[in-house]
Amino acid sequence: MSDWGDEPSVAATTTKEVSGWSDDEDTGKSSAGGDGGKRGGYNKGGDRDGDADGGGYRGGRREGGGGGFRGRRDDNEDGEERRGGRFNRERGERGEKGEGGFERRRRNDDDVNNNNEVGENGEKPREFYIPPEPSNDETEIFSSGITSGINFSKYDNIPVKVSGEDVPKPIKNFDDAKLRGIVVENVTKSGYKVPTPIQKVSIPVIAAGRDLMACAQTGSGKTAAFLLPILTKLLDDPQDVEIGKPQAVIVSPTRELAIQIFSEARKFGYDSYLKISIVYGGTSFKHQNECITKGCHVLIATPGRLMDFVERTFITFSDTRFVVLDEADRMLDMGFSETMRKFMTHPTMRPEHQTLMFSATFPEEIQRLAGEFLKNYVFVTIGVVGGACSDVSQTIFEVNKFAKRAKLMEILREQADGTIVFVETKRGADFLASFLSETEFPTTSIHGDRLQSQREQALRDFKNGSMKVIIATSVASRGLDIKNIKHVINFDMPNNIDDYVHRIGRTGRVGNNGRATSFFDPDQDRGLAVDLIKILEGANQTVPEFLREIGGGGGGGGGYSSKNFGGVDVRGGGNTISDITNTENNEDWD
Ligand SMILES: Nc1ncnc2c1ncn2[C@@H]1O[C@H](COP(=O)(O)OP(=O)(O)OP(=O)(O)O)[C@@H](O)[C@H]1O
């Protein structure tokens, strides 16, 4: 079918879909809030639409920017000020639920922005985007993951804490996991030899039918931890698939993460009869509906798009045996709490479903809210929850906003390949990408104002090395598992320490060494100093003197407190708490 060429089928950005199935829903949702026609930079050069040269920025640069973009605090992924803390924003400034606060926020965030740009006349152009068909080539399917690195065996020494009633015993190896034969074959083809700690604990918990809330460090294999037992159960206890009634629903906060989970699910379900589908914002609703009307066992979705399907009754949950909320804290942070509540408590939801929540950071307040959705769950923390992966070497430079660009060039001249540069704002990403593209560094970018086709093309270009550098906003901070990320640079520091941990976790994955460099501007980032010191100390990194001075000695002494990062089971003492630091030798489980 010609629609499925290598190139995404993208009509001119002003094209409107005219059918009863149109994506108008998205139009409405995207229209509220946001930064309207304030975008600038390279798009004036007319080189963006269609991205013919592969998502890069060649020419069309507008002067200015100066390297620092912190002035536009409102120009971030959420389209609004983010300094105020999650719950203030959601509960306070936006008003209580019912006032429309949640909806307004949701409409402008990553998931539902189908039409991302602003045309000359102030209208948002749209695209009718049908993503390329996923590959069926076995080699390609199994080559997506990162090969485990030299520090993999150190995972055995990471403290593992589990609480809850009658917690099933962890497995020691994949043979103990009672995975379905075909799933085991796919695990082997993926090059996995030993389960990671989160997999050792989660696989038997999920297999035993329990709900789970799990916090484990970035890059430690959380995706397989839920996919392997789910696919096994669907195969061991098969039920006829009915159209619009997925048996497992996996929800992810960002589109790119959803796509990645989709690839992982196809990998572990390879050669089985399981049907895996995906629905996410920024793409043709009609097309995705056609895909799911073929029926699917496993549905991966972003929350806004999922609700669109649910509200139109194209998806119901009456056959749903598993609900997975990946990066659950981020979904709540993005304002999806109402959306999540709607589908978790949907009248069609099969009462006997299991709910599984995963993240590397899990603030206590969010954990508490999330706990509404789980029944008699097992709570697992691996390592210092919210702590940075110690395989990433972290360097913090004191750089003011006017010096950032020169410092970045200096670093890139040493080594540019495989660098992801995080900036605070979408506009900042545009400026920096167009600036760098006029240098010797082919650069692309990913952020919420780019069309979805451009976002996916940008990631492809970065992954295949045709673009050495990718500039990203926090949309790319979570979950992305890209082999060739060698260096994470925080050109702008994030607004909160959780984002910092997730951002630097794009490198140093599955036991590989990674590198992160951050530009700390005391004028802007002072508020982050104390938490940053704790993170550095917790990961045995050097704390620069200037940072200690700013932090007022903060971070020392008491060390890193995991309390605010969800390291504590909020249900308190009524539950068994086991410290199974070394799952290999622990006897308590026998
Ligand atoms: N047991 C294993 N052995 C070897 N590699 C593994 C194993 N489990 C997972 N991996 C690989 O580790 C990488 C990271 O896994 P994954 O993306 O699931 O991490 P994560 O914990 O979800 O990270 P993040 O918090 O950043 O989302 C992937 O490339 C995956 O293929």
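Atoms within each ligand, like the ligands themselves, are counted from 1 in listed order.
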Step by step, work out the salt bridge (charged side-chain N to carboxylate O under 4.0 Å, His left out) result for Arg509 and Asp391. CA-CA 8 Å; Arg509 297 172 73 75; Asp391 297 332; over 6 Å; no

Any side chain to side chain donor-acceptor pair (under 3.5 Å) pairs touching residues 266-276, not counting sequence neighbours?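 Pairs touching residues 266-276 that pass the test: Asn136-Arg266, Glu138-Tyr270, Glu264-Lys267.
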
What class does the angle between the rings of Phe519 and Phe397 fall in, given that below 30° is parallel, 30 to 60° is tilted and above 60° is perpendicular?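 Ring orientation, 0 to 90° scale: tilted.
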
Tell me every residue that passes side-chain hydrogen bond (donor to acceptor under 3.5 Å, both in side chains) with His297, counting only those two or more places apart in sequence or in another chain.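 Result, side-chain hydrogen bond (donor to acceptor under 3.5 Å, both in side chains) vs His297: none returned.
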
What residues form a side-chain hydrogen bond (donor to acceptor under 3.5 Å, both in side chains) with Thr517, not counting sequence neighbours?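 Partners of Thr517 under the side-chain hydrogen bond (donor to acceptor under 3.5 Å, both in side chains) test: His487.
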
Could you check, using the six-membered ring where one of them is a Trp, whether Phe358 and Phe226 have ring centers closer than 6.0 angstrom?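 Phe358 vs Phe226: aromatic centres under 6.0 Å.
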
Once you restrict both partners to nitrogen or oxygen, which atoms of ligand 1 have a protein partner under 3.5 Å, and how far apart are they?
{"unit_1": "ligand 1", "atom_1": "1 (N)", "unit_2": "Val194", "atom_2": "O", "d": "2.8"}
{"unit_1": "ligand 1", "atom_1": "1 (N)", "unit_2": "Gln199", "atom_2": "OE1", "d": "3.0"}
{"unit_1": "ligand 1", "atom_1": "8 (N)", "unit_2": "Gln199", "atom_2": "NE2", "d": "2.8"}
{"unit_1": "ligand 1", "atom_1": "10 (N)", "unit_2": "Tyr192", "atom_2": "OH", "d": "3.4"}
{"unit_1": "ligand 1", "atom_1": "17 (O)", "unit_2": "Arg509", "atom_2": "NH2", "d": "3.0"}
{"unit_1": "ligand 1", "atom_1": "18 (O)", "unit_2": "Lys222", "atom_2": "N", "d": "3.3"}
{"unit_1": "ligand 1", "atom_1": "18 (O)", "unit_2": "Thr223", "atom_2": "N", "d": "3.0"}
{"unit_1": "ligand 1", "atom_1": "18 (O)", "unit_2": "Thr223", "atom_2": "OG1", "d": "2.7"}
{"unit_1": "ligand 1", "atom_1": "19 (O)", "unit_2": "Gly221", "atom_2": "N", "d": "3.2"}
{"unit_1": "ligand 1", "atom_1": "19 (O)", "unit_2": "Arg509", "atom_2": "NH2", "d": "3.4"}
{"unit_1": "ligand 1", "atom_1": "21 (O)", "unit_2": "Ser220", "atom_2": "N", "d": "3.0"}
{"unit_1": "ligand 1", "atom_1": "21 (O)", "unit_2": "Gly221", "atom_2": "N", "d": "3.2"}
{"unit_1": "ligand 1", "atom_1": "21 (O)", "unit_2": "Lys222", "atom_2": "N", "d": "3.1"}
{"unit_1": "ligand 1", "atom_1": "21 (O)", "unit_2": "Lys222", "atom_2": "NZ", "d": "2.9"}
{"unit_1": "ligand 1", "atom_1": "23 (O)", "unit_2": "Gly219", "atom_2": "N", "d": "2.8"}
{"unit_1": "ligand 1", "atom_1": "23 (O)", "unit_2": "Arg509", "atom_2": "NH2", "d": "3.1"}
{"unit_1": "ligand 1", "atom_1": "25 (O)", "unit_2": "Lys222", "atom_2": "NZ", "d": "2.7"}
{"unit_1": "ligand 1", "atom_1": "26 (O)", "unit_2": "Arg506", "atom_2": "NH1", "d": "3.0"}
{"unit_1": "ligand 1", "atom_1": "26 (O)", "unit_2": "Arg506", "atom_2": "NH2", "d": "2.8"}
{"unit_1": "ligand 1", "atom_1": "26 (O)", "unit_2": "Arg509", "atom_2": "NH1", "d": "2.7"}
{"unit_1": "ligand 1", "atom_1": "26 (O)", "unit_2": "Arg509", "atom_2": "NH2", "d": "3.3"}
{"unit_1": "ligand 1", "atom_1": "27 (O)", "unit_2": "Glu327", "atom_2": "OE2", "d": "3.3"}
{"unit_1": "ligand 1", "atom_1": "29 (O)", "unit_2": "Ile146", "atom_2": "N", "d": "2.7"}
{"unit_1": "ligand 1", "atom_1": "29 (O)", "unit_2": "Asp481", "atom_2": "OD1", "d": "3.4"}
{"unit_1": "ligand 1", "atom_1": "29 (O)", "unit_2": "Asp481", "atom_2": "OD2", "d": "2.4"}
{"unit_1": "ligand 1", "atom_1": "31 (O)", "unit_2": "Tyr192", "atom_2": "OH", "d": "2.6"}

